[in-house]
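Encoded as structure tokens, the structure appears first; notes follow it.
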Amino acid sequence: MVLPRSFYLQPTLVVARRLLGKVLVHDGPQGRVAGRIVETEAYRGPADRAAHSRGGHRSSRNEVMYGPPGHAYVYFIYGMHHCVNVVTQPRDVPEAVLLRALEPVAGTALMRARRGLDDGPEWRLCRGPGALCRACGIDRALNGADLVRGPLRILDAPEIPPSAVRRTPRIGVAYAGPDAMRAWRFVVAASPAVSGPSRSRRE
DNA sequence: TGAATGATTTACT
DNA sequence: GTAAATCATTCAA
């Protein structure tokens, strides 16, 4: 079952937490790929100095964040990568959740072809926001796509138990200062697919 | 008009 | 550990 639009009207931190375990599906021209979400980050509107909507800034790039909930915000970064977000909150409230990692569950052959990884473990295919988009064939053509009706959807799945979830500061936003370093990143602790420093180094 | 930089990944020392 | 790849967006002038 596809997650209903009301799911995306919950507080953004709640959406980020509850997206763990859900399944992202993309039906593209080359076939279907799907993965279980194991890492997310919340980005919270004008007051969040790490968000593209900081200061209430509005542009052609982040316009989708100001639109209705349950749509995809896809942007291009570092001259070579795409990142995909889920827009939360009603129209004109620019908040979103960045999808950072998936565990592949379908279409792994297509993911390998797109990533150019003929061998190696599956959990590497969608590890990190740029890698995830590459493997799933997500680019700016999907910016603004409706996650409830379109070719890119998120399916419901059982909740991850609290004991399996970790909260950490977000990755790559130190430039935005201490306020941006609150624990707005959510990960399934046991998953090998989560990005960032290895568990052995973290613990 | 021009310069700086980023919600990254990968390879290399 | 550091660096290169590579460009849309942003900000200063």
Side-chain angles (χ1 to χ4, degrees), chain A residues 8 12-13 15-17 19-20 24 35 37-67 71-89 93-102 104 111-145 147 152 166-187 192-198 200-202:
Chain A
Y8 305 102
T12 299
L13 286 172
V15 175
R17 161 67 177 84
L19 276 174
L20 295 178
L24 180 73
I37 298 167
V38 295
E39 178 179 0
T40 61
E41 286 180 1
Y43 285 84
R44 304 189 63 196
D48 180 355
R49 302 195 31 164
H52 290 165
S53 51
R54 56 185 169 274
H57 173 76
R58 190 166 183 160
S59 69
S60 57
R61 179 175 68 157
N62 68 10
E63 181 62 29
V64 174
M65 288 186 77
Y66 289 81
H71 290 250
Y73 167 42
V74 183
Y75 64 91
F76 187 59
I77 189 82
Y78 293 120
M80 58 183 76
H81 299 291
H82 295 274
C83 295
V84 61
N85 297 250
V86 168
V87 174
T88 63
Q89 303 299 304
V93 182
E95 306 197 1
V97 174
L98 172 67
L99 305 183
R100 289 190 57 92
L102 311 176
M111 288 183 180
R112 284 188 188 279
R114 284 174 171 149
R115 294 265 287 131
L117 290 176
D118 292 337
D119 40 44
E122 275 190 1
W123 51 260
R124 257 192 171 292
L125 292 172
C126 301
R127 188 190 203 218
L132 176 167
C133 285
R134 184 95 189 267
C136 293
I138 297 170
D139 61 19
R140 278 176 296 179
L142 286 169
N143 190 35
L147 297 169
L152 190 64
R166 298 283 182 278
R167 288 183 66 161
T168 81
R170 294 173 294 180
I171 304 292
V173 297
Y175 70 91
D179 282 356
M181 298 306 280
R182 278 181 281 177
W184 289 351
R185 174 172 176 255
F186 296 82
V187 307
V194 305
S195 65
S198 70
S200 54
R201 184 129 50 121
R202 246 188 343 250

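Chain letters run A, B, ... following the sequence lines, proteins first and then strands; every chain starts at 1.
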Next on the checklist: For B:dT8 and A:Arg100 - does any side-chain N or O of the residue sit under 4.0 Å from the phosphate oxygens OP1/OP2?
Outcome noted: yes

Checklist entry - According to the 5.5 Å centroid and 30° plane-angle thresholds, does A:Tyr78 stack upon the nucleobase of B:dG6? => result no

Next on the checklist: When the P atoms of C:dA3 and B:dT5 are compared, how many Å lie between them, rounded to an integer?
Outcome noted: 16 Å

Checklist entry - Do A:Arg49's NZ or CZ and the ring of A:Tyr175 fall within the cation-pi criteria of under 6.0 Å and 45°? => result no

Checklist entry - Roughly how many Å is it from CE in A:Met65 to P in B:dA7, rounded to a whole number? => result 12 Å

Checklist outcome for this item: On DNA chain B, more 5' by nearest nucleotide between A:Val173 and A:Arg124 is A:Val173

Checklist entry - What nucleic acid atoms does A:Arg140 come within less than 4.0 Å of, heavy atoms only: base, sugar-phosphate, or nothing? => result sugar-phosphate

Item to check | Residue closer to the 5' end of DNA chain C, A:His81 versus A:Ser60 (nearest nucleotide) | outcome: A:His81

Checklist entry - Looking for any heavy atom pair under 4.0 Å, which part of the strands does A:Ser59 touch: base, sugar-phosphate only, or nothing? => result sugar-phosphate

Checklist entry - For A:Arg61 and C:dC11, what is the distance between atoms CZ and P respectively, to the nearest whole Å? => result 10 Å

Item to check | Spacing of A:Asp139 atom CG relative to C:dC7 atom P, expressed in whole Å | outcome: 15 Å

Checklist entry - Donor-acceptor pair, A:Ser53 side chain versus A:Pro94 backbone, under 3.5 Å? => result yes

Checklist entry - Quick one: is A:Arg115 getting a side-chain N or O under 4.0 Å of the B:dT10 phosphate, OP1 or OP2? => result yes

Checklist entry - Is there a donor-acceptor pair under 3.5 Å between the side chain of A:Arg185 and the backbone N or O of A:Arg170? => result no

Next on the checklist: For Watson-Crick and G-U wobble pairs within 3.5 Å on both distances, what is DNA chain C written in dot-bracket notation, | included for inter-strand pairing?
Outcome noted: |||||.||||||.

Checklist entry - Which part of the nucleic acid, if any, lies within reach of A:Arg170 when heavy atoms closer than 4.0 Å are counted: base, sugar-phosphate only, or nothing? => result nothing

Item to check | Stepwise salt bridge (Lys or Arg N to Asp or Glu O under 4.0 Å) check, A:Asp119 with A:Arg124 | outcome: CA-CA 10 Å; A:Asp119 40 44; A:Arg124 257 192 171 292; over 6 Å; no

Item to check | Nucleotide C:dA8, atom P - distance to OH of A:Tyr73 in whole Å | outcome: 15 Å

Checklist entry - Passes side-chain hydrogen bond (donor to acceptor under 3.5 Å, both in side chains), A:Arg127 versus A:Ser195? Steps please. => result CA-CA 6 Å; A:Arg127 188 190 203 218; A:Ser195 65; over 6 Å; no

Identify all side-chain donor-acceptor contacts of residues 72-86 of chain A below 3.5 Å with residues at least two apart in sequence or on another chain.
residue : atom : partner : partner atom : Å
A:Tyr73 : OH   : A:His52 : ND1          : 2.7
A:Asn85 : ND2  : A:Tyr73 : O            : 3.3

Checklist entry - Can you check the A:His57 NE2 to B:dG6 P distance for me, whole Å? => result 15 Å

Checklist entry - Looking at C:dC7, B:dT9, B:dG6, which one has an atom nearest to any side-chain atom of A:Ala131? => result B:dT9

Checklist entry - Just how far, in rounded Å, is P of C:dA5 from CD1 of A:Ile77? => result 18 Å

Item to check | Rounded interatomic separation in angstrom, taking CD from A:Glu95 and P from B:dA7 | outcome: 17 Å

Checklist entry - Is a donor-acceptor pair below 3.5 Å formed from side chain A:Tyr75 to base B:dA7, judging by atom type as modelled? => result yes

Next on the checklist: Students often get this wrong, so: under 4.0 angstrom with heavy atoms, is A:Gly79 touching a base, only sugar-phosphate, or nothing?
Outcome noted: base

Item to check | Residue A:Phe76, side-chain heavy atoms: nucleotide from B:dA7, C:dC7, B:dT9 that is nearest | outcome: C:dC7

Checklist entry - Any donor-acceptor pair under 3.5 Å linking the side chain of A:Glu41 with the backbone of A:Ile171? => result yes

Checklist entry - Should we say atom CZ of A:Arg134 is surrounded by more than 12 heavy atoms from elsewhere, each under 6.0 Å from it? => result no

Checklist entry - Is any side-chain N or O of A:Ser195 closer than 4.0 Å to OP1 or OP2 of B:dT8? => result no

Checklist entry - With sugar-phosphate meaning primed atoms plus P, OP1 and OP2, does A:Ala50 contact a base, only sugar-phosphate, or nothing at under 4.0 Å between heavy atoms? => result base

Item to check | Atom pair distance, as rounded to whole Å: CD in A:Glu39 and C1' in B:dT9 | outcome: 14 Å

